[in-house]
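Positions are given from 1, in the same order as the sequence printed here. Just so you know, ligand 1 is whichever comes first in the structure, and atom 1 is the first atom listed for that ligand. Computed over heavy atoms, backbone and side chain alike; hydrogens, waters and symmetry mates excluded. Here the structure is a predicted model, which means the values were calculated and not measured.
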Amino acid sequence: MAKTIQAIRGMNDCSPTESPLWQWVEGKVRSVLQNYGYAEVRMPIVESTPLFARAIGEVTDVVSKEMYTFWDNDEQLTLRPEGTAGCVRAAIEHGWVYNQEQRLWYMGPMFRHERPQKGRYRQFHQAGVEVFGIPNPEIDAELIMLTARLWKELGIFEHVTLQLNSIGSLEARQNYRSALVAFLQQHIDLLSDEEKERLEKNPLRILDSKNQTLQEVLNDAPKLLDYLDEESREHFAQLCALLDAVGIQYEVNPKLVRGLDYYNKTVFEWVTSALGAQGTVCGGGRYDGLVEQLGGHPTTGVGFAMGLERLVLLVQEVNAHINLPKAVDVYMVYQGEGATLAAFKLAEELRSALPQLRVMTHCSGGNFKKQFKRADKSGATFALVIGESEVQNQQVVIKHLLDDVEQQTLPINQVAQYIQQNS
Ligand code: HAM
């Protein structure tokens with residue numbers, strides 16, 4: 001036998017038994033986004049490398065270590081590690097952002113060369129939202145309300161908490177950065193080599209260090225919130241007041257800075273303790289300078305993205321009450337002269353009459369016994385049986401596969417109605 005070829009590490013297949021739950025989660029995401037009037041956009045999976053370097057920042061982990069980059073003749077391309085950069089690129093390119101508000105969403109695969117573990121993959125899927133042209137905090141609040149609604153729909157609301165912070169203007173962050181570096185220099189012996197490097201390039205990321213001793217010391221570090229400019233402070237106060245008014249609980253986490261460089265003002269994450277180390281199911285914030293930084297007219301932006309693998313895992317972990325649709329409702333069993341044609345004809349008629357119904361025809365021959373085995377395995381509620389005598393009499397035998405109801409023989413033209421009434 002030829003040697004088999006396996007999937008790339010950290011890049012998963014979605015099996016036929018897993019896909020119904022994925023479809024259910026994706027369906028909830030879509031319907032909540034539609035509830036709020038957001039429009040879907042689809043961007044390419046590959047973009048030119050400088051887009052990500054400029055948008056996300058050269059010194060971030062994503063750009064410096066995790067991108068899948070390759071040369072296409074003389075152009076350097078990258079598999080998108082996230083959706084914001086591509087969405088902003090498209091918004092500028094097609095003029096979606098000029099003198100108009102846009103509330104957009106997207107869903108699809110992203111790629112990061114990270115060390116795979118539960119909840120962290122090299123190909124993963126995000127559903128993301130980007131809103132352009134609305135500077136005031138009402139929209140930040142709306143995004144958070146929208147996610148909270150989605151968590152309720154998914155049955156995970158009790159298992160996630162909202163972490164919130166404001167990282168202010170670029171200038172405020174620079175002032176803070178100096179204060180933080182001065183503080184950390186007094187504790188330099190606690191920093192790992194990687195953190196020492198960060199101290200020079202991206203010191204704010206040290207705030208979410210996994211080192212417990214350092215974390216305790218950081219509790220006494222200067223707080224970003226104390227360095228905020230007046231405008232960001234007011235923006236954050238209004239956001240908090242709105243969340244209070246609609247009853248969404250949050251924890252202000254002064255150490256929350258997020259791993260991508262484009263943010264300013266609001267940043268937030270929804271986290272869970274039910275998934276181990278990879279507990280952030282959704283993260284986002286404001287990026288008012290990004291459109292301009294990528295060559296567009298100054299336009300504010302705010303958005304978030306959620307990791308669909310993590311949401312699916314969390315739903316599996318905590319929500320035992322989902323009623324996933326079945327793959328098959330009706331299984332067609334047939335044998336003998338004229339039976340194949342009659343079965344195909346009836347199956348098509350049922351699909352037209354009852355568009356929600358899932359009808360599977362057997363298609364692989366064999367005797368009734370073998371066909372009934374398959375029908376049972378399919379999980380169908382009904383087997384519709386057509387043999388020679390049924391063909392002659394224009395009838396069908398209806399067998400209930402899941403409960404103890406006696407089988408019925410009905411004229412073919414009454415089958416649709418029977419199924420509708422008994423489903
Ligand atoms: P991010 O925090 O890098 O933000 O990713 C958002 C979410 O994607 C994470 O909270 C996590 O659920 C999921 N995620 C990230 N990396 C992985 C991975 N390797 N495996 C599985 N899931 C993962 C962004 O990507 C920003 N673009 C969000 C945003 C949109 N901010 C403003 N607009």
Side-chain angles (χ1 to χ4, degrees), residues 8-12 25 29 33 38 41 43 47 51-52 55-57 60-63 65-68 79-91 102-132 134 139-140 143-144 146-147 150-151 154 156 160-163 165 167 205 208 256-272 274-291 294 300-315:
I8 310 297
R9 202 162 104 82
M11 303 202 179
N12 301 317
V25 170
V29 172
L33 288 164
Y38 287 53
V41 285
M43 288 82 64
E47 299 270 0
L51 171 68
F52 299 116
I56 301 171
T60 57
D61 284 352
V62 171
V63 172
K65 303 188 221 164
E66 296 169 1
M67 297 209 300
Y68 283 93
L79 299 186
R80 63 183 186 191
E82 56 103 58
T84 310
C87 190
V88 171
R89 194 263 316 132
Q102 288 284 4
R103 304 185 197 197
L104 308 174
W105 68 271
Y106 50 83
M107 191 159 10
M110 309 289 161
F111 302 83
R112 294 184 193 176
H113 195 274
E114 297 194 79
R115 201 165 41 78
Q117 56 171 251
K118 182 180 174 191
R120 188 168 71 191
Y121 310 101
R122 291 181 172 174
Q123 174 173 332
F124 60 98
H125 297 77
Q126 280 185 347
V129 162
E130 313 297 349
V131 177
F132 298 108
I134 309 183
I139 193 71
D140 307 40
L143 293 186
I144 289 170
L146 181 160
T147 45
L150 177 62
W151 311 148
L154 294 173
I156 60 173
V160 288
T161 52
L162 175 62
Q163 306 254 311
N165 194 17
I167 59 169
R205 284 314 309 276
D208 51 35
L256 180 68
V257 290
R258 310 263 306 128
L260 314 164
D261 275 2
Y262 44 63
Y263 294 111
N264 69 305
K265 292 187 179 154
T266 313
V267 288
F268 67 92
E269 287 186 352
W270 286 96
V271 294
T272 178
L275 293 181
Q278 303 306 320
T280 308
V281 292
C282 174
R286 202 161 255 289
Y287 48 87
D288 293 334
L290 185 58
V291 175
L294 292 179
T300 62
V302 57
F304 64 79
M306 53 190 110
L308 295 182
E309 281 77 4
R310 293 183 192 178
L311 287 178
V312 167
L313 281 169
L314 188 56
V315 167

Step-by-step side-chain hydrogen bond (donor to acceptor under 3.5 Å, both in side chains) determination, Y262 to T84: CA-CA 10 Å; Y262 44 63; T84 310; 3.1 Å; yes
Which heavy atom of Y106 sits nearest to which heavy atom of V41, and what is that distance? CB-O, 3.4 Å
Can you report which non-hydrogen protein atom sits closest to atom 19 (N) of ligand 1, along with the distance? E114 OE2, 2.7 Å
Listed once per pair and sorted, the side-chain hydrogen bond (donor to acceptor under 3.5 Å, both in side chains) pairs that draw on residues 108-124, sequence neighbours left out: Q117-Q278
Residue, atom name and distance, where the atom is the protein heavy atom closest to atom 30 (C) of ligand 1: T84 OG1, 3.0 Å
Salt bridge (charged side-chain N to carboxylate O under 4.0 Å, His left out) against R286, all qualifying residues, sequence neighbours excluded: D140, D288
Give the residue, atom name and distance (to 0.1 Å) of the protein heavy atom nearest atom 9 (C) of ligand 1. T280 O, 4.0 Å
Near V281 (heavy-atom distance under 4.0 Å), the atoms of ligand 1 are 10 (O), 12 (O)
To which protein heavy atom is atom 14 (N) of ligand 1 closest, and what is the distance rounded to 0.1 Å? F124 CE1, 3.5 Å
Tell me the nearest of R112, E82, R80 to atom 3 (O) of ligand 1, using heavy-atom distances. R112
Any chance you could measure T280, atom OG1, to R258, atom CZ, to the nearest 0.5 Å? 8.0 Å
Show the nearest heavy-atom pair for residues A55 and A85, with the distance to one decimal. CB-CB, 3.7 Å
When you measure from atom 20 (N) of ligand 1 to every protein heavy atom, which one gives the shortest distance, and what is it? Y121 N, 3.0 Å
Atoms in ligand 1 with a heavy atom of Y263 nearer than 4.0 Å: 26 (C), 28 (C), 29 (C), 31 (N), 32 (C)
Tell me, which protein residue and heavy-atom name are nearest atom 24 (C) of ligand 1, and how many Å apart are they? L260 CD1, 3.5 Å
Nearest neighbour in protein (non-hydrogen) for atom 13 (C) of ligand 1: G307 CA, 3.6 Å
Taking only heavy atoms of G119 into account, list the atoms of ligand 1 that are under 4.0 Å away from them. 20 (N), 21 (C), 22 (N)
